[in-house]
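To start, the structure itself, in structure tokens.
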Amino acid sequence: MNIDITIFKAYDIRGVYPSQLDEDGAYAIARSYAVILKRENPGRALTIAVGGDMRLSTPSLKQRVIQGLLDSGLNVEDVGLVSTPTFYFAVSYFAHDGGIQVSASHNPGEYNGLKMVRTNGVPISKDTGIMEMRDMVANDNLGEVVEKKGQLSHRADVTAVEVADQIKHADISKIKTFKIVADAANAMGAVDIAELFNEIPGDLIKMNFELDGNFPSHEADPMKDENTADLRARVLAEGADLGLAPDGDNDRLFIIDEKGHTVPPAILRGLLAQIELRAHPDALVAYDIRPGRITRDMIEECHGKSIVTPVGHSLIKEAMLKQGAIFGGESSGHFFYKLPYGTFEAPMVLIVKLLQYLSESGKRLSEIVEPYNRYAHSGEINTKVASRDAVLAKIDELAKRYADGTHVLIDGLTVEYPDYWFNVRASNTEPMIRLTVEAQSPELMQEKRDELLALIRN
């Protein structure tokens, strides 16, 4: 068995295939997952949804995941080739007891991994099972192969059912026929977006919609500007109203305005929050600690309440569930909706609600966004260091250096001053320190960014 225990991350399991994760490793992980689910549901017959993306290694890994669950006595419903949000939908909407998605999200083609949830799509993260699974696999403590195997069934209509359900969250009769360019990066967003625009108005121009686990067009990570360059140019060339840039498994989405500019996620999540708050006054919205103060401004302008969470899709969803938030947004492009059957990423809901909002506003997207460009933002800047201990030592050093600011310790260190603020935190996956700076002017942001980087890299 090839399995590197470092692939057990804070939010999921992800590594290079087959050197860090192979079929036997996937089988062992499925067995460890079954131990946890059976312990939490004693005496019950459990059914687990299993899906997968278009990566070349997914079919063989998925087959072994299914076998590991069946050998543990769990029933499995294979939901087929699906995006991660569609997988969450399947687990929740069809009332399964949990699920495993074979996917490595936006990572390059040589990677693969597993995302695991409980019933209603509740995520399993580092503090709620992933590290326990790691220890079980490392110690070959996987329980017994049961005599009575689980039963395997198949469901082929999940994406169509999802579209039919999620378009009900907007009034599609009010959506105008916008010209929209979408770049799926040869990945799973192609499946969802194509199915969605079969049911709603829109002149859809497709880019890189052919599924290909080699990612021949470009890396499926729209957070990097180079990966949206062709899309942004195409939006301008086509005179389109907006562009859509999903990541590899479609659980993150970036929006391009008609001028070819990426809408900053902090502003987009603020706008989406305002849409929700108009329907649910005084409700609670969650977002991550990385600087993006405009989100707070926009929530407060609609008289909403906010909670700030650690970085990480599973951590934000857990906070939303615990505190009853109706919407959540992460700086990396994850957007979460509280739906009747679960709380998770729902890009189809996002798209139909945004299109209805644009239709009713009578404004171009750039006109809506422009007033909210109030702050200068550095983006997240990564610096590798010798070890995680070195990261923590550097953060402690910065805490002392900026002791006169207001400190927030939700995830790493956030320091706030009247005219600028920053966050430094440790990566959850490697010895790296992540810095984000925001200020009231570009000049001050650049000054403080350079000052902080010099201290970090000294």
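The structure displayed is predicted, hence computed values, not measured ones.
For E23 and S60, the side-chain atoms include at least one donor-acceptor pair closer than 3.5 Å. In summary, the side chains of S306 and R296 do not present any donor paired with an acceptor at a separation below 3.5 Å, with no hydrogens or angles considered. Under 3.5 Å, the side chains of E226 and H218 contain no donor-acceptor pair of N or O atoms. Looking only at atom types and distance, the side chain of E360 has a donor-acceptor partner in the side chain of Q356 under 3.5 Å away. Side-chain contact annotation: D4 with T6, donor-acceptor N/O pair under 3.5 Å present. Side-chain atoms of S57 and N112 include a donor-acceptor pair closer than 3.5 Å. Side chain to side chain, Y27 and D71 meet the donor-acceptor criterion of an N or O pair below 3.5 Å. No side-chain donor from either of D127 and S125 sits under 3.5 Å from a side-chain acceptor of the other. Side-chain N/O atoms of N423 and R290 include no donor and acceptor closer than 3.5 Å. A donor atom on one side chain and an acceptor atom on the other are not found under 3.5 Å apart for H334 and D288. Of the N and O atoms on the side chains of E330 and S332, at least one donor lies less than 3.5 Å from an acceptor on the other residue.
Within a 6.0 Å radius of CD in E416, more than 12 heavy atoms belonging to other residues, nucleotides or ligands are found. For E301, the CD atom is densely surrounded, since the number of other residues' heavy atoms within 6.0 Å is greater than 12. When the shell of 6.0 Å around NZ of K353 is examined, it contains more than 12 heavy atoms from other residues, nucleotides or ligands.
Residue A49 comes nearest to H96 through the heavy atom pair CB-CD2, 3.5 Å, listed as atom of the first residue, atom of the second, then distance. Pairing each heavy atom of F254 with each of M223, the nearest pair is CZ-CA, 3.7 Å. Considering all non-hydrogen atoms of both residues, A184 and G189 come closest at CB-C, 4.2 Å. T436 and H377 get closest at one heavy-atom pair: CG2-CE1, 3.2 Å. Residues N186 and M54 approach most closely at O-CG, 3.9 Å, considering heavy atoms. Between A28 and V137, the closest heavy-atom pair is O-CG2, 3.9 Å.
No side-chain heavy atom of L321 sits under 4.5 Å from any side-chain heavy atom of K338. Using a 4.5 Å cut-off on side-chain heavy atoms (C-beta onward), L242 and I256 make no contact. The shortest distance between side-chain heavy atoms of T309 and Y287 does not fall below 4.5 Å. Side chains of L21 and V16 form no contact here, defined as non-hydrogen atoms less than 4.5 Å apart. Residues Q323 and L284 meet the side-chain proximity criterion, which asks for heavy atoms closer than 4.5 Å. With a 4.5 Å cut-off on side-chain heavy atoms, I13 and M116 count as touching. Between Y337 and T343, every side-chain heavy-atom pair lies at or beyond the 4.5 Å cut-off. In this structure, I3 and D24 have side chains that are not in contact, with every pair of non-hydrogen atoms separated by 4.5 Å or more.
A donor-acceptor pair under 3.5 Å is absent between the side-chain atoms of S32 and the main chain of M136, judged by distance alone. Looking at D157, its side chain never comes within 3.5 Å of a backbone N or O of A160 through a donor-acceptor pair. Between the side chain of N139 and the backbone N or O of D135, at least one donor-acceptor pair lies under 3.5 Å. No side-chain donor-acceptor contact under 3.5 Å links T228 to the backbone of L231. T86 contributes no side-chain N or O that, together with a main-chain N or O of V82, makes up a donor-acceptor pair within less than 3.5 Å. For the pair N214 (side chain) and P216 (backbone), a donor-acceptor distance under 3.5 Å is absent. Without hydrogens or angle criteria, N120 side chain to V122 main chain gives no donor-acceptor distance under 3.5 Å. Looking at N227, its side chain never comes within 3.5 Å of a backbone N or O of P222 through a donor-acceptor pair. Although no hydrogens or angles enter the test, the distance criterion places no donor-acceptor pair under 3.5 Å between the side chain of T262 and the main chain of P264. Judged by distance alone, the side chain of E438 and the main-chain N or O of R293 form a donor-acceptor pair under 3.5 Å.
Figure legend: R55 and Y111 shown without cation-pi pairing, the cationic atom not lying both under 6.0 angstrom from the six-membered ring centre and within 45 degrees of its axis.
Taking the six-membered ring for Trp and thresholds of 30 and 60 degrees, F327 and F335 have nearly parallel ring planes, at less than 30 degrees apart.
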Q: Mind running side-chain hydrogen bond (donor to acceptor under 3.5 Å, both in side chains) on D251 and Y88 for me, showing each step along the way?
A: CA-CA 10 Å; D251 65 356; Y88 294 146; 4.9 Å; no

(Q) I'd like to know whether V181 forms a side-chain contact (heavy atoms from CB on, under 4.5 Å) with M207, so could you lay out the CA-CA distance, the side-chain angles of the two residues, the decisive distance to 0.1 Å, and finally the verdict. (A) CA-CA 7 Å; V181 184; M207 294 179 63; 3.6 Å; yes

Q: Go through the steps to decide whether E132 and R39 satisfy the test salt bridge (Lys or Arg N to Asp or Glu O under 4.0 Å), and finish with yes or no.
A: CA-CA 13 Å; E132 184 182 357; R39 185 182 66 210; 2.6 Å; yes

Q: Evaluate the criterion salt bridge (Lys or Arg N to Asp or Glu O under 4.0 Å) for residue pair D97 and R44; output intermediate values, then yes/no.
A: CA-CA 10 Å; D97 300 293; R44 287 186 53 217; 2.6 Å; yes

(Q) Pair S173, D171 - check side-chain hydrogen bond (donor to acceptor under 3.5 Å, both in side chains), show working. (A) CA-CA 5 Å; S173 70; D171 186 344; 2.4 Å; yes

Q: Would you please test K115 and T84 for side-chain contact (heavy atoms from CB on, under 4.5 Å) and show each step?
A: CA-CA 8 Å; K115 293 188 178 183; T84 294; 4.0 Å; yes

Q) Do D183 and K206 pass the salt bridge (Lys or Arg N to Asp or Glu O under 4.0 Å) test, and can you show the C-alpha distance, the side-chain angles, and the key distance before you say yes or no? A) CA-CA 6 Å; D183 182 353; K206 300 176 181 178; over 6 Å; no

Q | Pair T383-R434, side-chain hydrogen bond (donor to acceptor under 3.5 Å, both in side chains): steps then yes or no | A | CA-CA 7 Å; T383 301; R434 304 190 190 278; over 6 Å; no

Q.
Assess the residue pair D282 and L277 against the criterion (side-chain contact (heavy atoms from CB on, under 4.5 Å)); give the C-alpha distance rounded to whole Å, side-chain angles, the decisive distance to 0.1 Å, and a yes or no.
A. CA-CA 7 Å; D282 302 318; L277 288 167; over 6 Å; no

Q: Evaluate the criterion side-chain hydrogen bond (donor to acceptor under 3.5 Å, both in side chains) for residue pair S83 and D249; output intermediate values, then yes/no.
A: CA-CA 5 Å; S83 70; D249 65 340; over 6 Å; no

Q: Mind running salt bridge (Lys or Arg N to Asp or Glu O under 4.0 Å) on E380 and R425 for me, showing each step along the way?
A: CA-CA 10 Å; E380 190 168 73; R425 64 186 185 92; 3.1 Å; yes

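Just one residue in the list I395, V391, I433, I381 forms a side chain to side chain contact (heavy atoms under 4.5 Å, CB included) with I456, and that residue is I433. A side chain to side chain contact (heavy atoms under 4.5 Å, CB included) with Y11 holds for exactly one of V311, I130, I124; it is V311.
Ring centers of Y341 and F89: under 6.0 Å apart, within the cut-off.
Remark: I368 CD1 to I267 CD1 distance equals 12.0 Å, nearest 0.5 Å.
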